[in-house]
Enquirer: 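Have a look at the structure that comes next, please.
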Amino acid sequence: MNVLKFGGTSVGSSKNIKQVITILQDYSEKEQLICVVSAIGGITNKLLKAGELAQNKDESYLSKFKEIKEIHFNIISELIPNPKESVLDYLESKLHALKNLLDGIYLINELSPKTSDKLVSFGETLSSYIIAETMKQQGINVVRKNSQDLITTNSNFGHAQVNYPVTNNNIQFYFKDANQKITILPGFVSKSLDNEITTLGRGGSDFTAAIVAAALKVNRLEIWTDVSGMYTANPKLVKQAYPIKNLSYQEAMELSHFGAKVLYPPTVQPVLSLNIPIHIKNTLQPDAEGTVISNEITNGKAAKGISNIDDIALLTLQGNGMVGIPGFSKRLFETLAQEKINIILITQASSEHSICFGIDQNDSFKAEQAINESFQNEIALHKIDPILVENNLAIVALIGDNMKNHQGISGRMFSALGKNNINIRAIAQGASEKNISTVIAQKDVKKALNTIHERFFEDQNKQLNVFITGVGNVGERLVEQIKLQKKYLKEHLKINLRIIGLANSRKMIFNDSGLSLKSWKTDLESGENTSLKAFLERVKELNLRNSIFVDVTANSDVANIYSDYLRESIAVVACNKIACSNDFESYKQLKEFSKKYNASFLFETNVGAGLPIIDTLRNLMASGDKITTIQAVLSGSLNFVFNNFNDQTKFHDVVKQAQKEGYTEPDPRIDLSGVDVARKILILARESGLKMDLEDIENHSFLTKANLESDSVDDFYQTLITDEAHFQNLYASAKQNKCQLKYVAELKDGKAKVGLKEIPVGHPFYNLEGKDNIVMFYTERYTEQPMIIKGAGAGADVTASGLFADIIRIGNN
Ligand code: ADP
Ligand code: ASP
Ligand code: MG
């Protein structure tokens, strides 16, 4: 004999019911079967809703009733095209009784727990009838038996306790002589000793099946549902979750108690002592392996799964009067017991100064009233404070029998949460160490589950969620590079890089499953209007783990908002130089926030585009080296200009060409005035540990007064034409001295300067071509020969790849 239970979705449509019948027929060739069924998916909720409406004198209970009736009649007509009169009569009579009950609730506007049980019992009664009749029509040897005649309980309506001696007797007696191949039983419903309808609690059909399985000591209990087993986390919240092959009874109990709805928590109890394995299977994918829950020790991972309970309130009773005085907890828990309030989690500080516990948020007001009343004397005497209630919380628990044998699990769990800015309000770790529970804000649940899941169950896979502002030249290249490399990153670096948000100065778009990298351009056109604040709010709201904000603009408003991201533990990657070259205090604060909130702040592309200059500098410093001198050509644009300018060309035309090819800032004066280079050497000086501001950098401009005083870009170009002779003079002088013109930045003895220099033959800068950059680091270790980094220092592609490298650095972090 075998007991199989099919849940709401499994019997939720005629198609699924046909599938259930196929599964039962397959099995019944080998053995006798007992099949426990739930109400048709969603019906229990609809019945409760109809009851609530009727109780509130809202006549729309009638349309709810109509909906319920239609669902059942539609399913039967799809299953049995020409049903017997008696079948339709039975359904009509049951639905008539249901309608009468709802009318009664409406009339007296009252819905007691007792009536509520009567009401919801219609769900399983109707579904079991429909399924059994369909099978009979197909000539299957089937009998439907009402579980209310078998399962006897006390009168705790809504959550009745089973009277096992009577129940086991009933079941054994009935099945002793039952010789039908298949018996259909409605789940969830039962009867009290005085013959009133009771129920076993929401989700209780699993329990019905376990009670029957245990009473008959069958070999196996199968729970057929809409997912392929018990998953490492709720698959609706964690996409990467996967079914767990084997679990111990304890693990399954912990996971279900802490929210894994796939198994109703009391289900394990009856079968545990008899060692009857529970097999969780998927009705919609019967070939999937599923999960086996048994006594067998498995050598799998230490942590087996994560579960969550939503809508928790945390209550804290505290006060000096509690210390050392026994009996406080006893009185507290008695008070809660009297109010029938279930305590989900408790933590008590060893000082005994406070006791903190988690309950269902729906009970928090009742608990608050009852506790304050029970302790009113102590509160009046200021021995303890009125109870403190915090709502909108949730519990996330990591579970596994073997966790006790592995060190550092809680450390890994908490640090993963901390890195993602998830604040832990309370922690409870059972003495058995099978369960580490944390209380966190409800809004963080999805992120916490995914973060912990990634840390413990995804073989070092890491998801990076990127938000990009600025999709001009460089931004566009970055998106393209990400698109091309996505597969490689996944396969080789185990990084799942997703672009979640994109914005230009006009429009922005988001998709929390990742934007399409094929159609992003057209999608962006029809996005919502951009605002920096709205963008930030969306990033915060989405609350995804490993979020990275990427600034590909040259906009100071964007730079001013980095701190808001860092404060949320969201990493910032910028090619925008403004933040790091503004006043020293704001630069310092960003660095501090990055440390404090554990969020990377990377800006490699600020100097030398994609060249690893800042990273090298940081590595030198981290290894204990000291920078003594930096000499560099840091402007790809100026290098391009002076490499192309000679007595055959015009300075104006060369600058225009540089701008056209994307080597200058949108305003070329920023490059030509030397400000851009000054900012870069400033950033290197700061990164090498110096406190310096832009004003501290000596800047001998090679531009004329007229160039510098121009008040628009057009005006500036005009002055270049007028002052052509000045530039030709610079060229002629260099030529005469057999030198090349290079715009050089230098940091020496704590002082920095930038300016145009004539570089003689043989100097490493002399042959610097095109738009290349070069940096020479002289350090305490590199004294004679500097460490040199040289290569393309401007251009959309290399800048984008520098940004990309920063993103990957965060991924590897
Ligand atoms: P049934 O109606 O078959 O009893 P339930 O809805 O009660 O089904 O339980 C199955 C659902 O439990 C799944 O669809 C899933 O959304 C949810 N669930 C929550 N946590 C888990 C988990 N760890 N593993 C599998 N399912 C889970
Ligand atoms: N139909 C009941 C419920 O929805 C029992 C069950 O499906 O297990 O709670
Ligand atoms: Mg269920």
Side-chain angles (χ1 to χ4, degrees), residues 4-13 16-17 19-20 35-49 68 116-117 119-128 147 151 158-160 185-190 198-211 222-245 247 251-267 278 280-285 288 290-291 293 303-310 395-400 445-446 449 452-453 457:
L4 290 85
K5 176 259 170 178
F6 291 88
T9 315
S10 305
V11 299
S13 64
N16 289 2
I17 293 176
Q19 169 79 350
V20 169
C35 166
V36 176
V37 294
S38 286
I40 287 166
I43 289 295
T44 311
N45 286 343
K46 288 194 199 302
L47 287 164
L48 286 170
K49 186 70 199 170
I68 294 169
S116 179
D117 271 2
L119 181 64
V120 287
S121 73
F122 279 96
E124 268 69 7
T125 302
L126 290 167
S127 66
S128 58
S147 315
I151 299 179
H159 216 286
L185 297 177
F188 182 48
V189 291
S190 43
T198 55
T199 61
L200 301 173
R202 294 302 309 269
S205 296
D206 298 346
F207 193 26
T208 305
I211 295 165
E222 297 189 5
I223 304 285
W224 289 76
T225 182
D226 57 0
V227 285
S228 302
M230 203 171 225
Y231 278 58
T232 46
N234 183 349
K236 298 223 166 89
L237 297 174
V238 178
K239 279 216 183 88
Q240 328 286 339
Y242 51 85
I244 310 164
K245 275 195 185 152
L247 283 168
E251 288 169 330
M253 254 195 292
E254 292 282 341
L255 279 168
S256 67
H257 268 290
F258 280 84
K261 183 182 168 229
V262 62
L263 191 68
Y264 181 52
T267 307
I278 305 173
I280 301 180
K281 296 274 291 175
N282 187 347
T283 308
L284 314 170
Q285 284 174 33
T291 299
I293 301 165
K304 284 297 201 51
I306 320 161
S307 53
N308 61 296
I309 312 180
D310 291 347
I395 297 175
V396 168
L398 181 66
I399 283 143
V445 167
K446 194 170 172 196
L449 288 172
I452 303 172
H453 197 268
F457 300 97

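In each ligand, atom 1 is the first atom listed, and ligand 1 is the first ligand listed.
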Enquirer: Give a yes-or-no answer on whether the side chains of Asp117 and Thr199 include a donor-acceptor pair shorter than 3.5 Å.
Expert: yes
Enquirer: Does any N or O in the side chain of Thr208 come within less than 3.5 Å of the main-chain N or O of Phe188, such that one atom is a donor and the other an acceptor?
Expert: yes
Enquirer: Minimum heavy-atom separation for Ser307 to Leu255, with atom names?
Expert: OG-O, 3.3 Å
Enquirer: Would you say that Ser38 contacts Glu124 through its side chain, given a criterion of any heavy-atom pair below 4.5 Å between the two side chains?
Expert: yes
Enquirer: What does the N/O contact table under 3.5 Å look like for ligand 2?
Expert:
{"unit_1": "ligand 2", "atom_1": "1 (N)", "unit_2": "Thr44", "atom_2": "OG1", "d": "2.8"}
{"unit_1": "ligand 2", "atom_1": "1 (N)", "unit_2": "Glu124", "atom_2": "OE2", "d": "2.7"}
{"unit_1": "ligand 2", "atom_1": "4 (O)", "unit_2": "Thr44", "atom_2": "OG1", "d": "3.3"}
{"unit_1": "ligand 2", "atom_1": "4 (O)", "unit_2": "Arg202", "atom_2": "NH2", "d": "3.0"}
{"unit_1": "ligand 2", "atom_1": "7 (O)", "unit_2": "Ser38", "atom_2": "OG", "d": "3.0"}
{"unit_1": "ligand 2", "atom_1": "8 (O)", "unit_2": "Gly203", "atom_2": "O", "d": "3.3"}
{"unit_1": "ligand 2", "atom_1": "8 (O)", "unit_2": "Gly204", "atom_2": "N", "d": "3.4"}
{"unit_1": "ligand 2", "atom_1": "8 (O)", "unit_2": "Ser205", "atom_2": "N", "d": "3.0"}
{"unit_1": "ligand 2", "atom_1": "8 (O)", "unit_2": "Ser205", "atom_2": "OG", "d": "3.2"}
{"unit_1": "ligand 2", "atom_1": "9 (O)", "unit_2": "Arg202", "atom_2": "NE", "d": "2.7"}
{"unit_1": "ligand 2", "atom_1": "9 (O)", "unit_2": "Arg202", "atom_2": "NH2", "d": "3.4"}
{"unit_1": "ligand 2", "atom_1": "9 (O)", "unit_2": "Gly203", "atom_2": "N", "d": "2.8"}

Enquirer: Tell me which pairs pass salt bridge (Lys or Arg N to Asp or Glu O under 4.0 Å) where either residue lies in residues 222-235, with sequence neighbours left out.
Expert: Arg220-Glu222
Enquirer: Is there a donor-acceptor pair under 3.5 Å between the side chain of Asn16 and the backbone N or O of Thr9?
Expert: yes
Enquirer: Using a 4.0 Å cut-off on heavy atoms, what residues surround ligand 1? Order them by chain and number.
Expert: Lys5, Gly7, Gly8, Thr225, Asp226, Val227, Gly229, Met230, Tyr231, Ala233, Asn234, Pro235, Lys236, Ala260, Lys261, Val262
Enquirer: Holding to side chain to side chain donor-acceptor pair (under 3.5 Å), I want the full list of residues that pass it with Thr291, two or more places apart in sequence or in another chain.
Expert: none
Enquirer: First locate atom CD1 of Ile309, then atom CD1 of Ile395, and finally report the distance between them rounded to the nearest 0.5 Å.
Expert: 4.5 Å
Enquirer: In Å, rounded to the nearest 0.5 Å, how long is the span from OH of Tyr231 to CZ of Phe457?
Expert: 14.5 Å
